[in-house]
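We number each residue from 1, following the sequence as shown. Just so it is clear, the values below take in all heavy atoms, side chains as well, and ignore hydrogens, waters and symmetry mates. Note that the structure is predicted; figures quoted are calculated from it, not measured.
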Amino acid sequence: MSFNKNQIEAMEKSGYRFVGTHGHAAVKTCHWTRQSIVDKGVCYKEKFYGIQSHRCLQMSPAVPNCQQECEFCWRDLTYTQTEWEDDEYDEPKVIIDEAIKAQNNLLCGYYGNDKANAKKLEELKNPTNAAISLAGEPMLYPKIDELIGEFNRRDFTTFVVSNGQCVDVLRNLENDPYQLYLSLDAPNEKVFNDVCRPRISEAWSNLNESLETLSTFNSRTCIRNTCVKGRNMENPEEYAKLIKKADPDYVEVKAYMCVGSSRKRLTLDNMPTFDEVKEFAKKIGDECGKELVNESEISRVVLLE
């Protein structure tokens, strides 16, 4: 499961900090967490849902693991593993304790910044939201249910983002996250195969089964669509049909951002403007009966409800 030395060095240089002893879990401070500390803006999740950006823990329990190699992913895809390859893994409590400690270490420089908000500096020591979406597919971590449960016991809100490939894991979750996301980045199987590039068979079928499962959750649910100009911004009526199947509370339509390793696969021309995202989202909303209720121009994202 562990990365080689060069991979670790490259990832740490880009801001990752690995936690635990088995090399599968990591934390990375979000741009908006850092901006919030100095009162220069907040994440759209704060605007949309009320979480506090300076107290958000962006992490993953399964950094190397994913069944897809999406064109728009910011990860270095050379180390992708489609399955959990061994029986060794770190326990949820260890991951959470060390993730909080690692985040505090990453942010310690702000205590010497006279522009930092003193109240936020004190509060960030104890994060209250977990964005389980940093990298990889969290449902592949063997104890994802227990991890969500442990966050719940610590009074965290949890935003869990899944690609919908682990259907049985989703169905059998005993601990509901605060908000469960499913990524829906293609209107049909052809675009899905071209853009999301699954590495397992039955991937489109798995996604559709997970969409049907979403409506059974007691927690808040959300469909996330990453818009890649020239690649998947087409057939809004087909997106709407899939969204109706999932019956989510929310739909986030967000622009692909040309960052990280995705720059090796896509260009700035694939990054839609905010107006283009908004127009496409409205078309989807008109087809599935959802209205645009919030937006963040700087993050190029809109919320349908």
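Aromatic rings from Tyr89 and His24 are positioned such that their centres are separated by 6.0 Å or more.
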| task | Show your reasoning for whether side-chain contact (heavy atoms from CB on, under 4.5 Å) applies to Thr29 and Gln103. | result | CA-CA 7 Å; Thr29 58; Gln103 169 134 312; 3.6 Å; yes

| said: Quick one, Asp97 with Lys93, criterion salt bridge (charged side-chain N to carboxylate O under 4.0 Å, His left out). Give me CA distance, side-chain angles, the key distance, then yes/no. | reply: CA-CA 6 Å; Asp97 287 343; Lys93 289 183 179 180; over 6 Å; no

| request: Mind running side-chain contact (heavy atoms from CB on, under 4.5 Å) on Thr128 and Asp155 for me, showing each step along the way? | output: CA-CA 7 Å; Thr128 53; Asp155 294 324; over 6 Å; no

| Hey, mind stepping through Val253 and Cys227 against side-chain contact (heavy atoms from CB on, under 4.5 Å) and telling me if it holds? | CA-CA 7 Å; Val253 184; Cys227 294; 3.4 Å; yes

| Worked check of side-chain contact (heavy atoms from CB on, under 4.5 Å) between Leu304 and Ile223 | CA-CA 10 Å; Leu304 301 176; Ile223 293 293; over 6 Å; no

| query | Run the salt bridge (charged side-chain N to carboxylate O under 4.0 Å, His left out) check on Arg171 and Asp168 step by step: do they pass? | reply | CA-CA 5 Å; Arg171 282 177 177 156; Asp168 289 339; 3.7 Å; yes

| Candidate pair Glu150 and Arg153, rule salt bridge (charged side-chain N to carboxylate O under 4.0 Å, His left out), full reasoning | CA-CA 5 Å; Glu150 182 63 24; Arg153 279 188 289 276; 3.1 Å; yes

| request: Begin with the C-alpha distance, continue with both residues' side-chain angles, and end with the deciding distance and a verdict on salt bridge (charged side-chain N to carboxylate O under 4.0 Å, His left out) for Glu122 and Lys125. | output: CA-CA 6 Å; Glu122 189 60 32; Lys125 295 175 184 176; 3.2 Å; yes

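Counting only heavy atoms from C-beta outward, the side chains of Ile284 and Lys290 never approach each other to under 4.5 Å. Annotation: side chain of Leu147 is not in contact with side chain of Thr158 (no heavy-atom distance under 4.5 Å). Side chains of Lys254 and Val277 form no contact here, defined as non-hydrogen atoms less than 4.5 Å apart. Contact check for Leu57 versus Phe151: side-chain heavy atoms found under the 4.5 Å cut-off. Contact annotation: the side chain of Ile37 never approaches that of Asn113 to less than 4.5 Å [non-hydrogen atoms, C-beta and beyond]. The closest side-chain heavy-atom distance from Cys222 to Glu252 is below 4.5 Å. Looking at Glu238 and Leu242, their side chains never come closer than 4.5 Å, going by heavy atoms from C-beta outward. Ser183 is not listed as a side-chain neighbour of Gln68, based on a closest heavy-atom distance of 4.5 Å or more.
With hydrogens and angles left out, the side-chain atoms of Ser162 and Glu137 include a donor and acceptor closer than 3.5 Å. In summary, the side chains of Asp76 and Ser261 do not present any donor paired with an acceptor at a separation below 3.5 Å, with no hydrogens or angles considered. Counting only N and O atoms by type, the side chains of Asn117 and Asp39 include a donor and acceptor under 3.5 Å apart. Side-chain contact check for Thr21 and Asp90: at least one donor-acceptor pair (N or O, by modelled atom type) lies under 3.5 Å.
Although no hydrogens or angles enter the test, the distance criterion places a donor-acceptor pair under 3.5 Å between the side chain of Asn152 and the main chain of Asp176. In this structure, the side chain of Arg220 does not engage the main chain of Asp249 through any donor-acceptor pair within 3.5 Å. Gln165 places no side-chain N or O within donor-acceptor distance of the main-chain N or O of Asn206, the cut-off being under 3.5 Å. Counting only distance, with no hydrogens or angles, the side chain of Ser60 and the backbone of Leu134 share no donor-acceptor pair below 3.5 Å. With hydrogens and angles disregarded, a donor-acceptor distance shorter than 3.5 Å links the side chain of Asn270 to the backbone of Thr267. In this structure, the side chain of Arg17 does not engage the main chain of Lys28 through any donor-acceptor pair within 3.5 Å. Between the side chain of Lys120 and the backbone N or O of Ser36 there is at least one donor-acceptor pair closer than 3.5 Å. Without hydrogens or angle criteria, Asp145 side chain to Leu173 main chain gives no donor-acceptor distance under 3.5 Å. Between the side chain of Asn65 and the backbone N or O of Glu83, at least one donor-acceptor pair lies under 3.5 Å. Under a 3.5 Å cut-off, the side chain of Arg55 and the backbone N or O of Asn129 do not form any donor-acceptor pair.
Considering all non-hydrogen atoms of both residues, Asn225 and Phe280 come closest at OD1-CE2, 4.0 Å. Between Pro198 and Ala203, the shortest heavy-atom distance links the atoms CB-CB, 3.4 Å. Smallest separation of non-hydrogen atoms from Cys288 and Lys244: CA-CE, 3.6 Å. Residues Ser53 and Val42 approach most closely at OG-CB, 3.5 Å, considering heavy atoms. A pairwise comparison of heavy atoms in Asn208 and Trp204 identifies ND2-O, 2.8 Å as the closest pair. Here the shortest heavy-atom pairing between Pro272 and Arg300 reads O-NH1, 2.9 Å.
Glu71 pairs in a salt bridge (charged side-chain N to carboxylate O under 4.0 Å, His left out) with only one of the listed residues (Arg263, Arg231, Arg265), which is Arg231.
How far CG of Leu268 is from CE of Met257: 10.0 Å, rounded to the nearest 0.5 Å. Rounding to the nearest 0.5 angstrom, the gap separating the CG atom in Asn163 from the CG atom in Leu140 is 7.5 Å. The structure places CD of Glu295 at 3.5 Å from CZ of Phe274, a figure rounded to the nearest 0.5 Å. Between the OH atom in Tyr141 and the SG atom in Cys166 there is a gap of 14.5 Å [rounded to 0.5 Å]. The CD atom of Glu69 sits 12.0 Å away from the SG atom of Cys196 when rounded to the nearest 0.5 Å. Rounded to the nearest 0.5 Å, atoms OG (Ser296) and NZ (Lys45) are 11.0 Å apart.
Hydrophobic clustering, with ILVMFWY side chains joined whenever heavy atoms are under 4.5 angstrom apart, keeps Trp32 apart from Val38. Cluster annotation: Leu107 is not connected to Val19 through the hydrophobic network of ILVMFWY side chains, with a link wherever side-chain heavy atoms come within less than 4.5 Å. The hydrophobic cluster containing Ile100 does not contain Leu124, counting ILVMFWY residues as joined when their side-chain heavy atoms lie under 4.5 angstrom apart, directly or transitively. Tyr110 and Leu106 end up in different hydrophobic clusters when Ile, Leu, Val, Met, Phe, Trp and Tyr side chains are linked at under 4.5 Å. In terms of hydrophobic clustering, with Ile, Leu, Val, Met, Phe, Trp and Tyr side chains grouped at heavy-atom distances under 4.5 Å, Leu214 and Val167 are assigned to different clusters.
Other cluster members for Val301: Tyr44, Phe48, Tyr49, Ile51, Phe159, Val161, Tyr178, Tyr181, Tyr250, Val293, Leu303, joined by side-chain heavy-atom distances under 4.5 Å among Ile, Leu, Val, Met, Phe, Trp and Tyr.
Residue-environment remark: CD (Glu9) exceeds the threshold of 12 foreign heavy atoms within 6.0 Å. Within a 6.0 Å radius of NZ in Lys282, other residues, nucleotides and ligands contribute 12 heavy atoms or fewer. Within a 6.0 Å sphere centred on CD of Glu237, heavy atoms belonging to other residues, nucleotides or ligands number more than 12.
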